[in-house]
Amino acid sequence: MSIAQVVVQSPEQVEASSTELLSSQVWSPSLAVNRPLRLRLSPSIGKGALDGAWWPYSRDLSAEALDLVDHFPASFDRICRVVYSTPDWDAAPRRIKAADVFVSLASFPRDDTHRVLLKSVAAYRPRVLQLLVVPPEWDDRGARHAMRIAAMPSNVKSAATILSESEDQHRAGLLSHWDDDGGTNPTL
């Protein structure tokens, strides 16, 4: 499966400080700008150590989680809960209001795994996806490489290992020739 290209429809940008977000405990639309959702999912969910990767644009979890939830591929049920690794993000509220549902945000205690867990709202059988979080400041080559590895059904590496190895390979110049992963969208 290639990286999802979804464009956010709301061009307005709302600015709110993290202090205001924490005091209200609910964040609502929309800090989004017109940009694609940088997401790559495994073609075989549940087969590898991870189910894919997400490359957010910032460390503002409120805005990024809202974008992810509202524009997540329709083949997966609506997301109702996001559990995240705290070192990857700035302070966040406990809930955000997405288009159709409130989404709970929670963190792993004392965790540095560079993952988010997304829980679906399916009443009959909720699913949980584990995604690698690529740091927003990474360049295209390193991010694409890490996302490709995380989305492989045969992957057995942890998110932290994938990030570390991708960063090492990029620094060593080994990713300079890996411009195309064979997919249909060479821009991500």
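Only this structure's heavy atoms are used, side chains among them; waters, hydrogens and symmetry mates stay out. All residue numbers refer to positions in the sequence shown, counting from 1.
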(request) Return yes if some donor-acceptor pair links the side-chain N/O of Gln130 with the main-chain N/O of Arg115 below 3.5 Å, else return no. (result) no
(message) Given the ring of Tyr57, does Arg38 sit roughly above its face, with NZ or CZ under 6.0 Å from the centre of the six-membered ring and within 45° of the axis?
(response) yes
(request) Flag the pair Leu129 / Val116 as yes when at least one side-chain heavy-atom distance between them is below 4.5 Å, and no otherwise. (result) no
(request) Sorted by first residue and then second, give each side chain to side chain donor-acceptor pair (under 3.5 Å) pair with at least one member in residues 43-54; sequence neighbours left out. (result) none
(message) Tell me whether Ser120 contacts the main-chain N or O of Arg127 through its side chain, where contact means a donor paired with an acceptor under 3.5 Å.
(response) yes
(request) Kindly say whether Arg141 contributes a backbone atom to a donor-acceptor pair with the side chain of His145 at under 3.5 angstrom? (result) no
(request) Flag the pair Asp70 and Arg78 as a salt bridge only when some basic side-chain nitrogen lies within less than 4.0 angstrom of an acidic carboxylate oxygen. (result) yes
(message) Keeping Ser158 on the side-chain end and Thr161 on the backbone end, is there a donor-acceptor pair under 3.5 Å?
(response) yes
(message) One thing to verify: whether Glu137 and Arg59 come together as a salt bridge, which I'm taking to mean a side-chain N less than 4.0 angstrom from a carboxylate O.
(response) yes
(message) To the nearest 0.5 Å, what is the distance between OG on Ser62 and CH2 on Trp89?
(response) 10.0 Å
(request) Check for a donor-acceptor pair, side chain of Ser166 on one end and backbone N or O of Ile162 on the other, with a separation under 3.5 Å. (result) yes
(message) Testing the basics here: between Leu39 and Phe72, what is the closest heavy-atom pair and its distance to 0.1 Å?
(response) CD2-CE1, 3.6 Å
(request) Quick one: closest heavy-atom pair of Ala92 and Tyr84, and the distance? (result) CB-OH, 4.1 Å
